[in-house]
Amino acid sequence: MADNQQTAKAEMTGGEILLRSLVAEGVKTVFGYPGGAIMPVYDKIYDFKDQIRHILVRHEQGAVHAAQGFARVSGQTGVAIVTSGPGATNAITGIADAMLDSTPLVVISGQVGASLLGTDAFQETDVLGMTLPITKWSYQIRRAEDVAWAVARAFYIAHTGRPGPVVLDFAKNAQVGKATFNYKPVRFIRSYLPMPDLDDDKLRRAAALLNNAKRPLVVYGQGIILSRAEAELAAFIDKAGIPAASTLLGLSALPSDNPHYKGMLGMHGNIGPNIKTNECDVMIAVGMRFDDRVTGPVETYARQAKIIHIDIDKAEIGKIVPVEIGIHADARQALARLTELVNPARHDAWEAEFDKCNKDEIELVSKGETNPETGHITMGEVISTVAREAKSEAIVVTDVGQNQMMSARYSTFAKTRSVVTSGGLGTMGFGLPAAVGAKIACPKRQVCFFTGDGGLQMTEQELGTIMQEGAGVKIILLNNNWLGNVRQWQELFFGARYSFTRLVNPDFMKLAEAYGIAHRRVEKREDLGEAVRDMLKNVDEPYLLEVHVEEMDNVFPMIPPGKGVSEIMLNEKDWYKA
């Protein structure tokens, strides 16, 4: 096939221009599902099989979630292709999820021909109207001449600044119409300035605050990973001797064994980071947005602290909590400069307070969750066993619910980009297709997907994608026969009125067998370790490990809704007392 330079002056269809533009952007993998309004593009994909790998999912929601998983672990922009009407509307959940979690995506949806727009034609929907609020940019391509321009702009917007999803609504007449191919990558858009200049005065003021702090705390989020600032974060906290805590999406930015890493923030986070949030004198927040699951009621959150907030998105600074110094900057650049400005320091007594909280948590909560002496297998026990046998090297993908929080608590990480989970939107069903995308992106790494019986059934059709692609995803099904997270809330806050949370489930072993996936069920504790080792022995083999866990197991510690970060439940009746 001729390269882009040789075909620069050749006329071709809009569908072919789209694919040549994707190749020009370095895209080698797309996830999608064909249909009538996108068929001219799919006809051309047939000619690009040597350049673009197309993963045929089983539902358009799965296409977007798979593209998210691919993007999150690879650092590249994920691409999904769907048809019009229900194809586009099925993709909306994934697009909204990507927007809240700052995942770079380009989603291409088919659309009826431009002459039919507004006529309620077959499978016509207002894709722009539906997606404008949940994207960085949505654009409708109505002419073949505009395809290359739109694709170049889409990729630039999706991956620069604070990343996010872009939708290209591709009218059918533009797919079949012809134009000259001339692709020019976008490097600048007037009025869109994704990389702000460093404000050295603010950084010097921030360094002065930190140099005089007695009880400083770093809280960081996924912005560290997105800006590739992991090394800069580690160097900063090492020089300044500051304890650091992660949001859910920031997990794995620091290795779990980093001496300054103190755990996860939030409703089901670790005791130390939550308690000490309300005791620190200076807080530096980097690449995180003060989500309500991290702060609780803002009127009780870190009122004693002077807060420095570094974020690539200026709108986030001061939006939720008042800040002493707001620094609109890329995390990597800001941390590198801040490391130059801060004095070498140690805060051993302050860090020891976190360690005391951690010892309390192990004694009061974790021992019972990860190594119970009696009763059924617990979720924490399963996850810690997988982490140990995988030697902290696995990419951990989760669904949403108790499995997600337990995975965050008991997984350990040696490498960055090792957590794929739905944070802001909390999308049940996210995990299975996201795990497929993660495995396609990193085929040599173990991809361990933790799910509940409810979440798995949301998108279980993607087992067909695993079967067709041979994607070696390890599915760890924590089966408790409940919608566990909702049941926990019903138990604790709704008088144990279990309204429609009990599940009658299929035989998951037969389901795995139907899809040709290796499988095993574990009901006895003595079988767990050997079963996990068997699952992990072949990194390329898909596997479903169903573990029957304690049905009424709850996730603790827990900051109840409406409570501040210092008000932490250890179990159904006891509260933490420092």
Side-chain angles (χ1 to χ4, degrees), residues 67-78 98 101-104 159-160 162-163 218-239 242-266 269-270 273 284-289 310-312 330-336 338-339 383 386-388 390-398 404 407-424 431 434-435 437-450 474 539:
Q68 287 177 271
F70 182 92
R72 293 269 283 272
V73 302
S74 70
Q76 302 171 30
T77 300
D101 285 353
S102 303
T103 305
H159 74 77
T160 55
R162 180 179 180 175
V218 174
V219 296
Y220 64 90
Q222 190 188 199
I224 296 294
I225 297 170
L226 294 173
S227 63
R228 294 176 168 82
E230 296 92 341
E232 286 74 14
L233 174 63
F236 170 68
I237 61 175
D238 183 61
K239 181 179 180 182
I242 302 179
S246 173
T247 66
L248 174 65
L249 293 188
L251 290 173
S252 82
L254 287 176
S256 300
D257 60 0
N258 183 293
H260 297 292
Y261 175 66
K262 303 304 177 185
M264 185 178 74
L265 302 153
N270 297 108
I284 176 166
V286 189
M288 55 88 73
R289 59 188 180 87
I310 299 172
D311 206 282
I312 193 72
D330 171 74
R332 186 178 184 181
Q333 292 184 356
L335 285 172
L338 203 54
T339 303
I383 294 157
V386 173
R388 182 176 63 252
K391 298 179 174 57
S392 305
E393 296 282 340
I395 294 171
V396 173
V397 184
T398 84
Q404 178 185 37
S407 297
R409 285 183 51 74
Y410 293 112
S411 296
T412 53
F413 308 103
K415 298 178 180 178
T416 189
R417 294 189 180 272
S418 292
V419 176
V420 181
T421 193
S422 173
K439 188 64 179 179
I440 297 297
C442 298
K444 298 304 180 184
R445 291 188 67 185
Q446 291 281 12
V447 173
C448 294
F449 163 49
F450 294 96
K474 312 302 183 183
V539 71

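A donor-acceptor distance shorter than 3.5 angstrom exists from the side chain of R72 to the backbone of T421, with no hydrogens or angles considered. No side-chain donor-acceptor contact under 3.5 Å links T77 to the backbone of P104. With hydrogens and angles disregarded, a donor-acceptor distance shorter than 3.5 Å links the side chain of Q404 to the backbone of S422. With hydrogens and angles ignored, the 3.5 Å screen pairs a side-chain donor or acceptor of D101 with a backbone N or O of G424.
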**OP:** Go through I284 and L338 one step at a time and tell me if the side-chain contact (heavy atoms from CB on, under 4.5 Å) criterion holds.
**Re:** CA-CA 11 Å; I284 176 166; L338 203 54; 3.4 Å; yes

Subject >> Verdict with reasoning, L233 to V218, per side-chain contact (heavy atoms from CB on, under 4.5 Å) >> reply: CA-CA 9 Å; L233 174 63; V218 174; 4.1 Å; yes

Original post:
Which is it for L254 and I237 under the side-chain contact (heavy atoms from CB on, under 4.5 Å) test, yes or no, and what are the steps along the way?
Top reply: CA-CA 11 Å; L254 287 176; I237 61 175; 3.7 Å; yes

Subject >> Intermediate values then yes/no, side-chain hydrogen bond (donor to acceptor under 3.5 Å, both in side chains), T412 and S256 >> reply: CA-CA 6 Å; T412 53; S256 300; 5.1 Å; no

Original post:
After noting the C-alpha distance and the side-chain angles of S252 and I225, does the key distance pass the side-chain contact (heavy atoms from CB on, under 4.5 Å) rule?
Top reply: CA-CA 9 Å; S252 82; I225 297 170; 4.2 Å; yes

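Put simply, the side chain of I242 reaches to within 4.5 Å of the side chain of F236, judged on heavy atoms. You'll find the side chain of N270 reaches within 4.5 Å of the side chain of R409, heavy atoms only. V539 has its side chain within reach of K439: a pair of non-hydrogen atoms, C-beta onward, lies under 4.5 Å apart.
Shortest non-hydrogen contact noted between V397 and G431 is CG1-O, 3.5 Å. Residues F70 and Q76 approach most closely at CE2-OE1, 3.8 Å, considering heavy atoms. When all heavy atoms are compared, the tightest approach of I395 to A438 is CG2-CB, 4.5 Å. In this structure, S407 and I383 approach most closely via the heavy-atom pair N-CD1, 3.4 Å. Across every non-hydrogen atom of A71 and G78, the tightest pair is CB-N, 3.8 Å. Residues K262 and P273 approach most closely at O-CG, 3.3 Å, considering heavy atoms.
Listed by first then second residue, pairs satisfying salt bridge (Lys or Arg N to Asp or Glu O under 4.0 Å) with a partner in residues 410-422 read E393-K415, not counting sequence neighbours. Legend: side-chain hydrogen bond (donor to acceptor under 3.5 Å, both in side chains) pairs involving residues 225-238, not counting sequence neighbours, sorted by first then second residue: E230-T416, E232-R332.
For the atom pair D330 CG and L335 CG, the distance stands at 9.0 Å (nearest 0.5 Å). To the nearest 0.5 angstrom, Q222 atom CD is 6.0 Å from T103 atom OG1. Rounded to the nearest 0.5 Å, atoms OH (Y261) and CZ (F413) are 7.5 Å apart. Between atom CG of residue D257 and atom OG of residue S392 there is a gap of 7.5 Å, rounded to the nearest 0.5 Å.
Of the N and O atoms on the side chains of T247 and R289, not one donor lies less than 3.5 Å from an acceptor on the other residue.
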